[in-house]
Colleague: 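Pasting in a structure now, in structure tokens, and then I'll have a few things to ask.
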Amino acid sequence: MKSDLSSIRTNYTKSSLDVADTGDDPIVFFQKWFQEAVLSEVFEVNAMTLATASKDGKPDARTVLLKGIENGTFVFFTNYESRKGKELEENPLACLVFFWPELERQVRIEGGVSKVSRRESEEYFHSRPRESQIGALSSPQSDEIPNRSYLEERFRKLQNELQDKEIDLPSYWGGYAVRPERIEFWQGRASRLHDRIVFEKNADPDSDFFWRKFRVAP
Ligand SMILES: Cc1cc2nc3c(=O)[nH]c(=O)nc-3n(C[C@H](O)[C@H](O)[C@H](O)COP(=O)(O)O)c2cc1C
């Protein structure tokens with residue numbers, strides 16, 4: 001097993017990335033790469049690893065879906081009382097990672113996290129299929145439950161209770177926005193000499209922010 005795994009490797013040759021290719025705004029550049037990933041039919045192109053940590057620094061990560069880029073923030077939706085919700089409550093910092101193997105690319109985004117407005121969460125919640133809305137209501141996300149039928153029972157009960165009524169956004173469900181402080185674009189290259197271009201927000205409080213960009217070693 002060990003020897004099989006250690007012999008798995010890919011030589012990346014599809015593309016390259018230079019500081020000069022990336023423009024001045026990493027959000028605009030992210031959107032360009034995202035469109036290219038869509039055109040390349042990357043599977044679950046908006047899936048991203050969301051890393052959080054508890055207040056004592058214990059790390060955690062899981063996949064969520066990017067649902068929009070708004071005013072320079074990356075937005076996803078979830079249950080505020082889930083494990084990630086509790087971690088973000090006590091430590092509102094996160095890292096997002098996209099891996100698009102078809103393009104041999106990775107994007108890594110770090111920043112502070114805040115809840116989106118209730119109106120925005122409502123809009124998104126009501127745009128989801130009714131079954132997903134009831135699913136969100138029936139699942140105490142991340143809590144221990146006795147078995148699967150517990151969940152299915154809650155789902156059925158809610159379906160009967162609600163009939164065709166409009167479903168209100170539950171108080172414990174909504175969006176988070178990650179405001180990037182640092183974004184790294186990674187392009188796989190041959191012989192492990194990958195390209196990594198980083199944008200870092202300038203922290204000068206007396207001036208409007210600007211992005212400093214530089215290359216880091218692979
Ligand atoms: C492709 C994919 C997309 C997912 N998208 C979401 C999402 O947008 N929101 C969400 O709450 N969970 C999503 N999940 C489930 C999460 O990975 C996770 O199981 C759940 O949110 C509970 O995480 P937590 O216990 O760390 O809070 C997704 C899982 C996968 C595999």
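Residue indices begin at 1 and follow the sequence shown. Atoms considered below: every heavy atom in the structure, side chains included; atoms not considered: hydrogens, waters and symmetry mates. In listed order, ligands and their atoms are each counted from 1.
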Colleague: Decide, yes or no, whether a salt bridge links Asp164 with Arg130 under the criterion of side-chain N to carboxylate O below 4.0 Å.
Modeller: no
Colleague: Is atom CG of Asp24 surrounded by more than 12 heavy atoms (other residues, nucleotides or ligands) closer than 6.0 Å?
Modeller: no
Colleague: Quick one: are the ring centres of Trp211 and Phe29 less than 6.0 Å apart?
Modeller: no
Colleague: Pick one of side chain, backbone, both or neither for how Gln141 approaches ligand 1, counting any non-hydrogen atom pair under 4.0 Å.
Modeller: side chain
Colleague: Taking atom 18 (C) of ligand 1 as the point of reference, which of Met48, Arg62, Glu44 owns the nearest heavy atom?
Modeller: Arg62
Colleague: Using a 3.5 Å cut-off on N or O atoms only, is Phe77 in polar contact with ligand 1?
Modeller: yes
Colleague: Among all protein heavy atoms, pick the one closest to atom 6 (C) of ligand 1 and tell me residue, atom and distance.
Modeller: Val64 CA, 3.5 Å
Colleague: For atom 14 (N) of ligand 1, grab the closest protein heavy atom and report residue, atom and distance to one decimal in Å.
Modeller: Thr63 O, 3.2 Å
Colleague: Can you tell me which residue among Lys55, Lys58, Arg62 is in a salt bridge (Lys or Arg N to Asp or Glu O under 4.0 Å) with Glu87?
Modeller: Arg62
Colleague: What protein heavy atom sits nearest atom 25 (O) of ligand 1, and how far off is it?
Modeller: Ser142 OG, 2.6 Å
Colleague: Considering only heavy atoms of Lys84, which atoms of ligand 1 have at least one such atom less than 4.0 Å away?
Modeller: 11 (O), 20 (C), 21 (O), 22 (C), 23 (O), 24 (P), 26 (O), 27 (O)
Colleague: So, the side chain of Arg9 versus the backbone of Ser6: is there a donor-acceptor pair under 3.5 Å, distance only?
Modeller: yes
Colleague: So is Leu65 polar-close to ligand 1, meaning N/O to N/O under 3.5 Å?
Modeller: yes
Colleague: For the side chain of Lys115 and the backbone of Gly174, is there at least one donor-acceptor N/O pair under 3.5 Å apart?
Modeller: no
Colleague: Between Arg119 and Glu123, does at least one N-O distance fall below 4.0 Å, as a salt bridge requires?
Modeller: yes
Colleague: List ligand 1 atoms under 4.0 Å from Arg83, heavy atoms only on the residue side.
Modeller: 24 (P), 25 (O), 26 (O), 27 (O)
Colleague: Going by the atom numbers of ligand 1, which of them fall below 4.0 Å from some non-hydrogen atom of Thr78?
Modeller: 10 (C), 11 (O)
